[in-house]
Undergrad: 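Supplied in structure tokens, the structure appears directly below.
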Amino acid sequence: MTSIVIKGGADFSANAVGFRAPVSSGLVGWLFIGGRSDDTSAQKIARSTKNMAFNDYTAVVVGSPTISTGYATLTAANYIQTDIPETASFTLLAVMRNPDTLANAAHNPAIINTAGPNTLAEGRGIYFVMDSGTSAPPGRLRTYVSYGTAGSGTTTTGIVSPTDLASQFEFVYATADDAAGAYTLGSRTEGVNGSGSFTAGARLLNAAGNPFRIGAAYSTSVAAGSVDLAFAAIYDRSLSPTEIGTVYEFVQAYLDAKYSLAI
């Protein structure tokens, strides 16, 4: 008979295997970002870059982000780089807070992105960022969805305006359904959302083949500011509102139990 002794209160999340997400279909990236109060620097990095999705995609820290208890502050020079490729349909989920000013592009938070300095016709990829807006104090979520054919690409822009992103962490999302030619974005925390359409079956991927970058954009012309992130997930399909709600409830319970972090 074999006995396994486990220390009470032990946390194996940085080395977890067999994690079962509340919505697993299409999941390619799932990261709880941040450390525990008693972590070493190496443990904080390992915990923040562990892809809990059951696949071979990896994530690494670039630069020296500030990794705090339960979240990390990421910037254009200090971020998490994945090797997860952009797909025609997608869902991006994040628990974020804005610590920056939104004064200009240098102070706009970049959440999850593939977009680089490509031309519109080539395919810019995905921006999921926060920026300022005259009708959206203290800021707004924005997503760019490229579509069309090479040589005649187009980008549609979605905007939604939560009210409290500067004062609290919120669960935010952006999706695109290539088959339906539809995109959505919003804050599940505040219950605000927006949607729009593009030509079905015409999503135009980033021409450079940039994989997803968390906490920074490849091009800083739109967003190069700081962002606080506690969670990020990437799916290669468009999740339904019900599925997004299921993930939200799971992550909400986890962050509350683990770090007393309310979303």
Side-chain angles (χ1 to χ4, degrees), residues 22 30-35 48 65-76 78-80 91-113 126-144 157-175 183-196 214-217 222-234 239-263:
W30 182 290
L31 288 80
F32 285 116
I33 302 170
S48 299
T66 302
I67 304 179
S68 305
T69 300
Y71 71 95
T73 302
L74 307 176
T75 71
N78 306 285
Y79 54 87
I80 295 173
T91 296
L92 308 178
L93 308 173
V95 171
M96 70 154 289
R97 179 177 63 187
N98 169 37
D100 219 319
T101 65
L102 305 179
N104 49 44
H107 296 282
N108 292 339
I111 306 170
I112 305 174
N113 301 270
I126 302 164
Y127 277 114
F128 185 32
V129 303
M130 187 178 180
D131 66 10
S132 61
T134 55
S135 62
R140 60 191 184 186
L141 294 173
R142 174 177 283 194
T143 184
Y144 297 72
T157 302
I159 295 172
V160 67
S161 302
T163 60
D164 296 321
L165 271 169
S167 60
Q168 67 180 21
F169 279 94
E170 298 194 15
F171 186 99
V172 298
Y173 60 89
T175 78
Y183 70 88
T184 65
L185 78 160
S187 167
R188 182 63 177 75
T189 301
E190 293 194 38
V192 295
N193 60 80
S195 61
I214 298 171
V222 172
S226 302
V227 62
D228 291 339
L229 285 172
F231 167 75
I234 302 167
L239 268 59
S240 69
T242 298
E243 290 174 317
I244 291 173
T246 297
V247 176
Y248 166 70
E249 291 173 0
F250 179 94
V251 174
Q252 181 186 46
Y254 176 88
L255 292 177
D256 180 51
K258 197 75 170 177
Y259 301 113
S260 297
L261 193 159
I263 61 169

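All values reported here derive from a predicted model rather than from experimental measurement.
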Undergrad: Taking the side chain as every heavy atom from C-beta outward, state whether Tyr144 and Ile126 have any atom pair closer than 4.5 Å.
TA: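 No, every pair of side-chain atoms sits at 4.5 Å or beyond.
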
Undergrad: For Met96, run the side chain to side chain contact (heavy atoms under 4.5 Å, CB included) check against Leu74, Ile33, Ile263, Ile111 and tell me which one passes.
TA: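 Single pass found, and it is Ile111.
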
Undergrad: Taking C-beta and beyond as the side chain, do Val95 and Val251 meet within less than 4.5 Å on heavy atoms?
TA: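 Yes - at least one pair of side-chain heavy atoms lies under 4.5 Å apart.
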
Undergrad: Give the minimum heavy-atom separation between Pro22 and Thr246, together with the two atoms involved.
TA: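 So the two residues come closest at CB-CG2, 3.9 Å.
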
Undergrad: Below 4.5 Å, heavy atoms only, C-beta onward: do Val227 and Arg97 meet side chain to side chain?
TA: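 They are not in side-chain contact.
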
Undergrad: Indicate the atoms forming the closest heavy-atom contact of Ala76 with Ala224, along with that distance.
TA: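 For Ala76 versus Ala224, the nearest heavy atoms are CB-O, 3.8 Å.
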
Undergrad: With side-chain contact (heavy atoms from CB on, under 4.5 Å) as the criterion, how do Phe231 and Tyr254 come out once you've worked through the C-alpha distance, each side chain's angles and the decisive distance to 0.1 Å?
TA: CA-CA 11 Å; Phe231 167 75; Tyr254 176 88; over 6 Å; no

Undergrad: So Pro162 and Leu141, do their side chains get closer than 4.5 Å, heavy atoms only?
TA: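 Yes, close enough: below the 4.5 Å cut-off.
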
Undergrad: Can you give me the closest heavy-atom contact between Ala110 and Ala217, atom names plus distance?
TA: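 It is CB-N, 3.7 Å.
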
Undergrad: Flag the pair Asn108 / Val129 as yes when at least one side-chain heavy-atom distance between them is below 4.5 Å, and no otherwise.
TA: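 No, too far: nothing below the 4.5 Å cut-off.
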
Undergrad: With a 4.5 Å cut-off on side-chain heavy atoms, are Thr157 and Tyr127 touching?
TA: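 Sidechains of Thr157 and Tyr127: no contact.
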
Undergrad: Leu92 and Thr175: side-chain contact (heavy atoms from CB on, under 4.5 Å), yes or no, with the steps?
TA: CA-CA 6 Å; Leu92 308 178; Thr175 78; over 6 Å; no

Undergrad: Kindly give the heavy-atom pair with the smallest separation between Pro99 and Ser226, and that separation in Å.
TA: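 Of all heavy-atom pairs spanning Pro99 and Ser226, the closest is CD-O, 3.4 Å.
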
Undergrad: For residues Phe128 and Ile112, report the shortest heavy-atom separation together with the two atoms involved.
TA: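 For Phe128 and Ile112, the tightest heavy-atom pair comes out as CB-O, 3.2 Å.
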
Undergrad: Write down the atom of Arg188, the atom of Tyr173, and the distance for their closest heavy-atom approach.
TA: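 Closest approach of Arg188 to Tyr173: N-CE2, 3.8 Å.
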
Undergrad: Give the C-alpha distance, both sets of side-chain angles, the deciding distance and a yes or no for side-chain contact (heavy atoms from CB on, under 4.5 Å) between Phe171 and Ile244.
TA: CA-CA 10 Å; Phe171 186 99; Ile244 291 173; 3.9 Å; yes

Undergrad: For residues Leu229 and Ile214, determine if any side-chain heavy atom of one lies less than 4.5 Å from a side-chain heavy atom of the other.
TA: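 Yes, side chains in contact.
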
Undergrad: Start with the C-alpha distance between Leu102 and His107, add both sets of side-chain angles, then the distance that settles side-chain contact (heavy atoms from CB on, under 4.5 Å), and finish with yes or no.
TA: CA-CA 5 Å; Leu102 305 179; His107 296 282; 5.8 Å; no

